[in-house]
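Shown next, in structure tokens, is the structure this report addresses.
Everything numeric here is computed off the predicted structure, so don't read it as measured data. The analysis underlying the following values was restricted to heavy atoms, covering all of them including side chains, and did not include hydrogens, waters or symmetry mates.
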Amino acid sequence: MTSIADEARLVFDNFTDRTASIFNPHLRIGVTGLSRAGKTVFITALVHNLLSGGRLPLFKAQANGRILGADLQEQPDDAVPRFQYEDHIRRIVEERVWPESTRAISELRLTIAFESAEAWRRMLPGGKLTLDIVDYPGEWLLDLPLIDKDFATFSAEALERARLPSRQKEAGPFLAKLDTLDLEAPADEVTARDLSVLFADYLKACRADTAALSTLPPGRFLMPGDLDGSPALTFAPLPVEKGKAYPKGSMAAHLGRRYEAYKTVVVKPFFRNHFARLDRQILLIDALQAINAGPEAVSDLETALTDILACFRPGRSSWLGSFLTRRIDRILVAATKADHLHRESHRRLEAIVRVMVDDAVARAKFSGAKTEVLAMAAVRATREATVKDGGEDLPVIVGIPAAGETIGERTFDGQSETAVFPGDLPDDPRRLFDPQDGVAAGSLRFVRFRPPKLQHSPEGLTLSLPHIRLDRALEFLLGDRLP
């Protein structure tokens, strides 16, 4: 995946990091999420609960009273933006609105002071764990497989996906423009720009809630940032023949060169500077939106998981080997927005995601890293209740839908609390992959709820943000590093 020079630089970076960890234990966790998964909210809630001593009964070090405190530290990398925790927590707690999604990479460092659970360790000074949280868009992760693909391979795969029944409507204008193209004609900048815009529009349409598709590389076409309009983003897949040499200056040669520039300018620096330095990873997915969009969106999400797992350098390194090659040893795949379902469906949601992950592991021939699956809500915005419906008890969730959200003909004002029956997930997860037997598209009722108002204890203390299984996520990601 990388050149000899890249590998040498990775060895040097990892040796430096590991040497520092001898005297100051250090864990670098990557947090990413596919579209709509709530990555910013997860990081904010995680930090908030660590700083405020939140209610985390399944996070053993916290539950046993061994966490002595946590503090934010100076941003570790001067060239990387800081994750703006203070702004995000203010919006959630004070304004009760969800923060804007981050559009680029960011980092946050905090230290956790703890007392050891082992008697002999308690004779030593208290321990400290430095935790670096690296926040990056999931779409960037899906770019990593491009490093090993030439332009013909990328084009063939991209065009095959564009012609799938689930994408034909969104891809129609781009494919129609492609049909008029002469690959050997002299390169034309206007045509190149038009093709790249139509291709980007198609990818964005696939990401919308109604389609909820996930396998949408190149990722920067969805989040161009400061590269918007640059030559490295002004290309599109073409029906080129593998192994054929197209005339110099032709449209095929021109866009092929820009595809290679995209890998050099965008993908490789991300891999080298950030991804290859991670110890652990959490991947957040909005499985509910995919389920509600139908079987093709569910299958596409599984394909995205396969591509993602194939990117990781899995496995445990030996103590000495870890100085030279960093390997991600734990991966947590978390289905977010569990608070949009009654707890009776949480087990089913977890089972659905486990099937996706197990299939993705098999298809990616993935092994080595410990992988876990979880249904969670980093911030719980609803509570559960039961209502009578035709003489039967119906399990519902209760919350304040955000302004503008709709169910049927009703539009919510962002102020009124309401009870919602979201629908049922099937007992057999495999039904969701079957177009003839799956949950009908749009049959589940999901709305975006406002963040909750913080509760107070009987003594008048303000409690931390409520959650669903955030403590289990922390135990999996951090528990063994707080011995």
Side-chain angles (χ1 to χ4, degrees), residues 29-39 42 58 138 141-142 144-145 157 161 164 166 212-217 278 280-316 327-338 341 343-377 424-439 444 468-469 472-473 475-477 479-480:
I29 295 180
V31 180
T32 194
L34 299 178
S35 181
R36 307 168 301 271
K39 175 170 53 68
F42 170 80
L58 297 181
L141 195 57
L142 289 170
L144 292 182
E157 293 177 353
R161 283 193 296 265
L164 290 172
S166 58
L213 298 174
S214 304
T215 312
L216 304 170
L278 298 176
R280 292 183 177 174
Q281 176 70 52
I282 179 168
L283 172 64
L284 307 173
I285 61 172
D286 187 355
L288 293 179
Q289 195 66 52
I291 292 168
N292 205 33
E296 291 188 43
V298 174
S299 296
D300 190 72
L301 178 55
E302 184 184 291
T303 298
L305 288 174
T306 302
D307 291 345
I308 286 170
L309 289 177
C311 295
F312 289 103
R313 295 181 159 197
R316 286 172 165 269
R327 295 186 184 277
I328 291 171
D329 63 355
R330 294 195 178 195
I331 301 173
L332 177 62
V333 180
T336 59
K337 305 179 184 177
L341 296 170
R343 66 177 177 274
E344 293 179 359
S345 290
H346 291 181
R347 177 187 58 80
R348 297 178 183 179
L349 176 60
E350 220 164 80
I352 290 165
V353 177
R354 187 169 297 280
V355 167
M356 291 184 191
V357 171
D358 288 347
D359 287 351
V361 164
R363 289 166 60 186
K365 298 180 180 178
F366 177 83
S367 64
K370 186 175 181 180
T371 305
E372 187 56 88
V373 170
L374 194 62
M376 65 171 289
D424 290 320
L425 297 176
D427 279 324
D428 180 5
R430 295 287 178 186
R431 289 182 56 196
L432 295 173
F433 296 84
D434 186 353
Q436 306 302 320
D437 190 35
V439 174
L444 300 175
I468 298 176
R469 301 185 189 91
R472 278 183 56 187
E475 179 63 24
F476 179 78
L477 294 168
D480 66 316

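Salt-bridge check for Glu302 with Arg363: passed, with a basic side-chain N closer than 4.0 Å to an acidic carboxylate O. With respect to Asp480 and Lys370, no salt bridge is recorded, no charged nitrogen being found less than 4.0 Å from a carboxylate O.
Contact of the Leu432 side chain with the Leu425 side chain is not registered, since no non-hydrogen atoms from C-beta on lie closer than 4.5 Å. Using a 4.5 Å cut-off on side-chain heavy atoms (C-beta onward), Arg280 and Phe476 make no contact. Side-chain contact between Lys39 and Leu284: present, with at least one pair of heavy atoms (C-beta onward) separated by less than 4.5 Å. Between His346 and Ile468 the shortest side-chain heavy-atom distance falls below 4.5 Å. No side-chain heavy atom of Leu216 sits under 4.5 Å from any side-chain heavy atom of Leu142.
For Arg472 against Leu58, the heavy-atom pair with the smallest separation is CG-CD1, 3.5 Å. Taking all atoms of both residues into account, the shortest heavy-atom contact from Val298 to Ile291 is CG2-CA, 3.8 Å. For the residue pair Ala297 and Leu213, the shortest heavy atom distance occurs at CA-CD2, 3.9 Å. Minimum interatomic distance between Ala287 and Ala335 (heavy atoms only, all atoms of both residues): CB-CB, 4.4 Å.
The CG atom of Leu141 sits 8.0 Å away from the CG atom of Leu34 when rounded to the nearest 0.5 Å. Separation of atoms CG (Leu374) and CD1 (Ile282) is listed at 7.5 Å; rounding is to 0.5 Å. Rounded to the nearest 0.5 Å, atoms CG (Leu341) and CZ (Arg348) are 10.0 Å apart. To the nearest 0.5 Å, the span separating CG on Leu477 from CD on Gln281 amounts to 9.5 Å. Between atom OG of residue Ser299 and atom CE of residue Met356 there is a gap of 8.0 Å, rounded to the nearest 0.5 Å. A distance of 9.5 Å separates OG1 in Thr371 from CG in Leu332, rounded to the nearest 0.5 Å.
In this structure a side-chain-to-backbone donor-acceptor pair under 3.5 Å is present from Thr336 to Ala37. With hydrogens and angles disregarded, no donor-acceptor distance shorter than 3.5 Å links the side chain of Ser214 to the backbone of Asp300. Distance alone, capped at 3.5 Å, is enough to place a donor-acceptor pair between the Arg469 side chain and the Ala375 backbone.
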Open item on the list: If you apply the rule side chain to side chain contact (heavy atoms under 4.5 Å, CB included), what do you find for Leu283 with Leu309, and how did you get there?
Closed with: CA-CA 10 Å; Leu283 172 64; Leu309 289 177; over 6 Å; no
